[in-house]
Amino acid sequence: MAENTAEHADADYVRIFDTTLRDGEQSPGCTMNVEEKIAIARQLERLNVDIIEAGFAASSPGDFESVRRVADAVRGPVVLSLSRTREEDVDQALRSVDKASRPGIHIFIATSDIHLKYKLNMTREDVLDAATWAVARAKKHLDYIEFSCEDASRSDWDFMVKVCTEVIRAGARVINLPDTTGHAIPEEFGRMFAYMRERVPGADKIIWSAHCHNDLGLAVANSLAAVKNGARQVECTINGIGERAGNCAMEEVVMALKTRHDLMGVQSRINTRQIYPASRLLSQVIGQPVPANKPIVGDNAFAHEAGIHQDGVLKYKLTYEIMKPEDIGIPSNKLVLGKHSGRHAFADRLKHLGVDIESIDLNKAFAEFKALCDKKKVVYDDDILALVTEEARRTTDHYELIDLHVSSASNSMPHARVALRVAGEEIRAEADGDGMVDACYKAIYKIAGVQPALERYAVKAITGGTDALGEVSCLLRENGMTVAGAGAHSDIVMASALALVNALNRLKGRSTMPLKPTMDVP
Ligand code: KIV
Ligand code: ZN
């Protein structure tokens, strides 16, 4: 297996460890299929992240396959798999990254007494032995080993000093101290890093890493406090997706380091112009819109509404703007292409938006773009992105929407007639409903033979105007599984139908995949 040298171990910059594909993907409605994970991984490579956590290889054959495919697809970043301290986990994780140009493994075990007593049923000595044993085993096969003290922020610091001392002796190159439950406060979290770095022998030879959850809305603040106290790696996700309230948002921590370099003194090596395309791509893939007020990437992040602010910005931008939208990759002129644009310009625009044009049917996407130009006067970047991800969504489908007819009048029940291609066979159904979307959903459920709970349904106009592309996202739950779906179309009912069909395809994909064993996933 390839060896990784610590080429940047002494360079003073903050490594960005992206866990969108592992911790992010674990959150409800954020599951991705392998192709989607590869598209995100390629965008992470364009962002220039240092490390990609591609999954948890031992958790299911599907996860193992995803880690392998991502490891094969990217060349720049280290690609690693998460692993518990068990032999079978470590070996699966090692196998999953053996094709990576820069392979790594991330081994974790909880160190807090509450986890030891109630979850692991282990003593501190057991945990110390398990951690040291697992790191030593992995070290026989590869050099890049990260070790995490799960629930570090609620662990006894002196016990963590012991564990970290031993795992560093066994070969760990990175020590991660997570705030697993999002319980820490910045001052205290920073102090923990200072304490550990002062007492662990060899602390200056390894990289210290922070991994924060956002339960109290402090994930970014805690990560910055860790950096102030010597951490040189931050673990984060695009748009801050992740378990419960999410993980530290990559775009926020990266832009905080850049914007307040005067105070922080260190930066990441992220290509910040790829932030906006990454955010939009992820949002399209998981079917979860970015909230308008989300820092850095929300629609309103650079919108000035108050007259006094507008006046100031017009006179001198820095009166109210601390960052430049173009530094984040937000197109200064969102109106980009029209019906006279050629295939070349279209492909160029897609590349700028972070789309891997090799992985889509460009001719088909271009034809759809032209059709959209006929319907809409102006086509925006987000329209184009929605259109190609809609195209990508349709490629590996069990269900395909081929016809939809809805009718509604003030004196009659809304009615829908739907035709789906199901595994190659055309099936039709009709239904009445409380509204056109309800009728259409009922007809689709009849064809698919399912009755999932619709836990969320949201409509968003992707760009302005009544002719805008509408984006619908929905969340379905059936048999304990939650899947998201998204669809975009200039007709809202059509977008709703596409979103449902997309979710049903994911449900289908999930139910034919071996289920994850019941295990305590952090
Ligand atoms: O939150 C957590 O503790 C984790 C670890 C596995 C790093 O995700
Ligand atoms: Zn986590």
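Both counts, for ligands and for their atoms, begin at 1 and track the order of listing.
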Check whether any side-chain heavy atom of H141 lies under 4.5 Å from a side-chain heavy atom of D91, and answer yes or no. no
Distance-only polar pair, side chains of S473 and Y457, donor-acceptor under 3.5 Å: no
Side chain, backbone, both or neither: which part of Q26 has a heavy atom under 4.0 Å from ligand 1? neither
Give, for atom CG of N176 and atom CZ of F108, the distance between the pair rounded to the nearest 0.5 Å. 11.5 Å
Numbering the atoms of ligand 1 from 1, which are under 4.0 Å from a heavy atom of E150? 3 (O)
Checking side chain to side chain contact (heavy atoms under 4.5 Å, CB included) against S223, which of V234, L218, D179 comes through? V234
Show your working on side chain to side chain donor-acceptor pair (under 3.5 Å) between S112 and S155 and close with a plain yes or no. CA-CA 4 Å; S112 65; S155 299; 4.6 Å; no
Answer yes or no: are there more than 12 heavy-atom neighbours, outside E358 itself, under 6.0 Å from its atom CD? no
Less than 3.5 Å between some nitrogen or oxygen of H106 and one of ligand 1, yes or no? no
Just to the nearest 10 degrees, tell me the angle at the Zn ion (ligand 2) spanned by H211 NE2 and H213 NE2. 100°
With a cut-off of 2.8 Å, does D23 place any N/O/S atom under that distance from the Zn ion (ligand 2)? yes
What about D151: any of its N or O atoms under 3.5 Å from an N or O on ligand 1? no
Residue H213 vicinity, atoms of ligand 1 by number, heavy atom under 4.0 Å: 1 (O)
Polar side chain donor-acceptor pair, T181 to H213, under 3.5 angstrom: no
Taking only heavy atoms of S148 into account, list the atoms of ligand 1 that are under 4.0 Å away from them. 7 (C)
Looking at ligand 1, would E243 count as a contact under a 4.0 Å heavy-atom criterion? no
Tell me whether K228 at atom NZ has more than 12 heavy atoms from other residues, nucleotides or ligands lying less than 6.0 Å away. yes
Run the numbers for me: atoms of ligand 1, each under 4.0 Å from some heavy atom of N176, listed by number. 7 (C)
Atoms of ligand 1 less than 4.0 Å from D23 heavy atoms? 8 (O)
